[in-house]
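This report refers to the structure that appears directly beneath it.
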Amino acid sequence: MSRRYCCQTSGQQNAFNMPRYFSLFVALATAFALYQYSDFVGRGVQVWLGQDEPSRQLPGWSPSSYIGLEADITKRDAIVAAFRHAWLAYERDAMGADEYHPISRKGSNLTEEGGIGYTVVDALDTMLLMGLDAEYQRARTWVEEKMTFERDADFNTFETTIRVLGGLLSAYHLSGGDALYLTRARDLADRMLPVFDTPSGLPLSMVNLQKRQGVHDKDNPGLVSTAEVSTIQLEFRYLSELTDVDVYWKKAERVMAVIRTARMPPGLASIFMDVREGRFITSAIRLGSRGDSYYEYLLKQFIQTDRTEGVYREMYEDAVQAIHDHLVQKSLASGLTYTAELIPERNSADPHAQLSWRLTPKQDFLVCFFGGNLLLSATRSGALVQDVSVPPRLEELSEVGRRDWTTGVELIRTCMDTHDTKTGLAPEIAHFRIPSDNMQSVLNAPGDWYIKGARAGEFPPYDARYMLRPETVESLFVAFRLTGDKRYREHGWAIFRAIEAHCRIPSGGYATIVNVDEVPVRHEDKMETFFLSETLKYLFLLFSDGDTIPLSKYVFNTEAHPLPIFTPSIRTGFS
Ligand SMILES: *[C@@H]1O[C@H](CO)[C@@H](O)[C@H](O)[C@H]1NC(C)=O
């Protein structure tokens, strides 16, 4: 049973509660009205607010919560302590294994042929950033002496790229150019190149690293996920930039050219493509799994090469326009902004029947990256100046940038609302109320969202879990860096406290919980590698100062590995 049926909102956990928003709105509306009606009064208001020149702020902005980008050392150190609690347990029980199970205190590997450094490589750059020298040196030694890709088994192309290749490349950069990592990165990428040998140029989902062979995904033969083929470009392009060997760049770029040609009319992209023909297959359209990082990497490729490749801005802007036209929705009671999914349906067994698209009010936890992504795009592709202020001023953003900023702020607010559960952690999937859902008659029906299929006394549905995912804190980090607004740190700290309270295993490590609406919690025996690589890194950066991995110099891959922005020496091969 979802908390939406049983408990009252505890306003304390959620700083974005309605009364506070309302008073903020009244204050802003009053200030704006005064500004409109009289320059003199408006000027007075600005002086009173501590601003010495007239400026117009964007929605969601509250001058009283601006704190700048100084570090909060106490909180930052608490995140480092949590990282050590997680890492030292892994090192004690499972060093070198791909995955860690903190309750049974065991490691396991993705395949029976042995590990490929999934956890170790994913965690390297976090240790470098946190200044954990002893831990880092031991991990480096493991990479030098034990890590091998000589494994006769199939590995997922996308996951291996974002975690292992991405982890090696950011470790290379942040270590000041330790050649060990570049050698390993190149070895891995060379073993993966054959995945691109398909008629379309789209990469196969799996790769045998020893045989150097692309392999079809057995569950979806002939198909590839849109997000998976379009979320390897930052890594392969940076490798070419570092090595002066352009084959990595060219193979990854070709995928983008195929997608651009295959684009469906309104700028949206289905989650599956045909790997032979390079076409979209009729399948769901969403910002959640198998769709998410397609949108992310369109923007980030534009940012990676210092905004020189206009084709990615264009593709990104088309996609975000389509998202606004088709997927952005408001929840029933409080008008929370969320993104729905479009599911294709044929109304009868007749294959010639008209295809229709059903709007499904379901949002994955994964979608919570998108709030921060929109704030970032508002200040990059949506900016009228090279360097926008912190926080951005209205006049610095284009109309599209302002729209994206507003949607981004609202989406982050929605994601925070989904943390309003008994544990303070958000579920894997939230369903939003719509007028036709027949829930009006249900006693204490939730106003805005609920966990589908949750019933008292039964094992919780998959949707109810929290698996240490980073997407909300990722958006909070980006939002804080772009605004200096302390509310984003407050939210991040509340999430960290909830993780400490409910996911921490006393003997070491952190674990997934199976129901965010149940206290005391039940754990599942798994600590995902992205907890070390992403969740704790974004939390650490949220409380670090603004010069630690500044967004003006770095772009994060989808596994939170920071890669430097550069001026490309290779020209975009399509337009
Ligand atoms: C996993 O692979 C590593 C090599 O990277 C090996 O040392 C370890 O024994 C393997 N673990 C299991 C549980 O098979």
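Atoms within a ligand are numbered from 1 in the order they appear, just like the ligands themselves.
Scanning the protein heavy atoms around atom 2 (O) of ligand 1, the nearest turns out to be Asn109 ND2, 2.4 Å.
Distances from atom 11 (N) of ligand 1 to the protein include at least one heavy-atom value under 4.0 Å.
Taking the six-membered ring where the residue is Trp, Trp493 and Phe496 present tilted rings, their angle falling between 30° and 60°.
The contact set between ligand 1 and Gly107, taken as ligand atoms under 4.0 Å from a residue heavy atom, comprises 13 (C). Close contacts between ligand 1 and Gly114 involve ligand atoms 2 (O) [criterion: under 4.0 Å to a heavy atom]. For ligand 1, the atoms closer than 4.0 angstrom to any heavy atom of Gly115 are 1 (C), 2 (O), 3 (C), 4 (C), 5 (O). If you number the atoms of ligand 1 from 1 as listed, the ones under 4.0 Å from a heavy atom of Gly96 come out as 5 (O).
Under 4.0 angstrom from ligand 1, there are no non-hydrogen atoms of Glu113.
Under the ring-ring contact (aromatic ring centres under 6.0 Å, His included) test applied with Phe477, the options Tyr488, Phe556, Phe369, Phe540 reduce to a single match, Phe556. Among the candidates Pro564, Ser533, Pro562, the single residue satisfying the side-chain contact (heavy atoms from CB on, under 4.5 Å) test with Ser170 is Pro562. Applying the side-chain contact (heavy atoms from CB on, under 4.5 Å) test between Asp122 and each of Glu528, Lys537, Arg163 identifies Arg163 as the sole match.
Ala252 meets the side-chain contact (heavy atoms from CB on, under 4.5 Å) test with Gln233, Phe236; sequence neighbours excluded.
Looking at Met147, His101, Arg151, Lys146, it is Arg151 that brings a heavy atom closest to atom 4 (C) of ligand 1.
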Run the side-chain contact (heavy atoms from CB on, under 4.5 Å) check on Leu376 and Ile303 step by step: do they pass? CA-CA 10 Å; Leu376 192 61; Ile303 293 175; 3.8 Å; yes
